[in-house]
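Report on one structure; see the data block that follows.
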Amino acid sequence: MLGGVQLGILAACIVLFVPMGMAGWHLSRNKMLFFSGALFITLAIGVHLTPYIPSVSDFVTTVSSVVVFDSRASCVSQLHEIVWDVKQSDGFNPLSNNSVNYEKSWKWGRSAPVIACDFQKLAPTDVADLLNGSWVVVAGDSQARLMALSLLDLTLDSQRMEAVRGDLFKRHSNYQILIGETGMKLDFIWAPYASNLTDLMGEFKKNRSYPDVIIMGSGLWHMLHFTNASDFGLSLESLRSSVVSLIPLTPELGSDGPLTGSVSIRTPHLFWIGMPTLINSMLNTEEKRKKMTDTMRAAYDAALGDSKLLRSSGGPLLLLDIETLSWNCGVRCTVDGMHYDGVVYEAAIHIMLNALLIESHQKL
């Protein structure tokens with residue numbers, strides 16, 4: 001039995017050559033008209049046959065999808081192309097050369113790739129639209145707490161932020177808030193070790209309750225209290241396994257397939273909070289200065305890369321590169337060499353929000 005393609009080709013031959021043969025003698029005196037007519041019929045048949053030729057339609061679809069994918073991937077890779085402006089404030093005090101003496105601001109660079117991506121500093125209304133009805137979990141140490149603070153600062157007015165700040169910064173405690181206007185729920189989970197984060201992923205899986213966005217990070221506490229990069233690397237590998245098994249991710253991430261059961265699972269957006277630049281001379285205790293050295297920091301960074309937790313090494317989490325942001329903001333953006341001014345975490349939150357826009361195919 002003839003297939004669709006064969007029938008299409010047969011019909012094309014009949015439609016093309018029979019009329020041309022019949023008209024050939026009549027048009028022989030006007031060759032331009034003859035060949036124009038032939039070209040027109042050939043093009044018309046080609047257009048109508050394209051949907052019936054899988055190789056052609058698949059090729060067009062593939063090229064289109066590759067272009068879109070490359071554009072998204074390229075823009076994600078440009079998200080940290082940020083330029084800082086740090087200058088003396090009006091009330092500069094030369095006797096007290098700390099961060100409060102300086103005004104800091106940031107913006108995305110003006111290279112052609114960055115301009116093409118059209119990154120935006122989102123207004124509170126934009127953030128409310130993007131995260132409307134979302135469940136956001138921020139988990140980790142003090143760096144994660146500062147990230148949660150910056151995200152809330154974009155969604156709440158100044159009066160409400162004052163009340164939130166006191167509750168959020170209760171020492172080593174969790175915090176939860178539901179923003180009624182948008183329905184966004186934010187949980188801050190105090191989880192300073194990677195093993196705490198692994199346990200948290202296990203709870204999500206056990207309860208079959210999955211956040212829309214998970215922002216997490218670890219490293220500083222482990223470096224201070226254990227000072228063992230190899231052990232840190234092993235804990236990150238366990239965390240990676242827990243994250244990958246949390247949801248039906250792609251085979252490239254090591255998934256064993258979709259979860260069983262009838263529960264519909266939507267893949268969370270996953271982000272990793274990188275450790276900040278550590279300025280050893282500014283660290284506020286002798287123990288920190290002794291243990292949190294540049295050499296140890298490099299070993300912990302290597303362990304993170306080897307764990308394949310980050311997308312850059314084939315893992316599931318997109319890095320929010322606090323190290324680069326804090327380094328470029330500089331020594332004038334920190335008072336203790338570890339925790340940086342809010343503007344650094346604000347930049348990281350805007351990077352995260354723009355990544356969400358890119359990956360969810362949204363435009364504001």
Side-chain angles (χ1 to χ4, degrees), residues 72 75-76 79 119-140 143-156 164 168 174-191 196-218 239-240 242-250 253 255 258-259 261-274 309-311 315-320 345-346 348-364:
R72 288 170 55 201
C75 285
V76 169
L79 280 167
F119 300 135
Q120 303 175 54
K121 286 188 179 183
L122 275 66
T125 52
D126 296 327
V127 179
D129 289 341
L130 180 61
L131 299 178
N132 184 33
S134 297
W135 178 20
V136 180
V137 170
V138 185
Q143 299 294 310
R145 196 187 299 273
L146 289 167
M147 290 288 289
L149 182 69
S150 289
L151 179 55
L152 289 174
D153 200 32
L154 274 174
T155 57
L156 300 175
V164 165
L168 183 59
N174 299 339
Y175 177 77
Q176 182 181 92
I177 185 172
L178 176 64
I179 300 175
E181 303 93 302
T182 63
M184 185 190 88
K185 175 185 175 185
L186 183 141
D187 283 316
F188 169 74
I189 308 295
W190 174 251
N196 302 139
L197 297 173
T198 301
D199 292 341
L200 180 61
M201 299 303 108
E203 290 180 22
F204 292 146
K205 185 175 181 180
K206 178 181 177 181
N207 298 330
R208 294 209 166 191
S209 180
Y210 305 94
D212 299 290
V213 181
I214 303 176
I215 309 166
M216 57 183 164
S218 175
L239 174 60
R240 181 189 185 277
S242 182
V243 172
V244 169
S245 67
L246 181 67
I247 46 177
L249 296 174
T250 61
L253 297 179
S255 173
L259 297 173
S262 59
V263 178
S264 177
I265 300 170
R266 182 170 57 185
T267 303
H269 296 277
L270 302 166
F271 298 92
W272 180 258
I273 307 167
L309 184 66
L310 303 180
R311 284 194 202 174
L317 279 77
L318 179 65
L319 176 65
L320 300 174
Y345 305 97
E346 172 197 294
I349 288 295
H350 279 283
I351 288 171
M352 184 270 294
L353 293 171
N354 276 266
L356 289 178
L357 284 172
I358 294 169
E359 296 186 344
S360 58
H361 307 282
Q362 295 187 54
K363 278 282 189 182
L364 294 175

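- For R145, there are no side chain to side chain donor-acceptor pair (under 3.5 Å) partners, not counting sequence neighbours.
- Here the CG atom belonging to L356 is positioned 4.0 Å from the CZ atom belonging to F271, to the nearest 0.5 angstrom.
- For S209, the side chain to side chain donor-acceptor pair (under 3.5 Å) criterion is met by no residue, not counting sequence neighbours.
- Y345 pairs by the ring-ring contact (aromatic ring centres under 6.0 Å, His included) definition with nothing, not counting sequence neighbours.
- A donor-acceptor pair is defined here as one N or O able to donate and one able to accept, closer than 3.5 Å; no such pair exists between the side chain of N196 and the backbone of G140.
- With sequence neighbours left out, Y175 forms a ring-ring contact (aromatic ring centres under 6.0 Å, His included) with no residue at all.
- Taking the side chain to side chain donor-acceptor pair (under 3.5 Å) definition, one finds that H350 meets it with nothing, sequence neighbours left out.
- In this structure, CD1 on I189 lies 8.0 Å from CD on Q176, to the nearest 0.5 angstrom.
- Of the possible polar contacts, one joining the D212 side chain to the W135 backbone as a donor-acceptor pair under 3.5 Å is found.
- M184 pairs with exactly one of N132, I179, I177 by the side chain to side chain contact (heavy atoms under 4.5 Å, CB included) rule, that one being I179.
- Contacts classified as salt bridge (Lys or Arg N to Asp or Glu O under 4.0 Å) and involving residues 175-186 (residues at least two apart or in different chains) are given here: R160-E181, K185-D187.
- The distance from atom CG of N354 to atom CG of L122, rounded to the nearest 0.5 Å, is 6.0 Å.
- Residues M201 and M216 are in side-chain contact: their nearest non-hydrogen atoms beyond the backbone lie under 4.5 Å apart.
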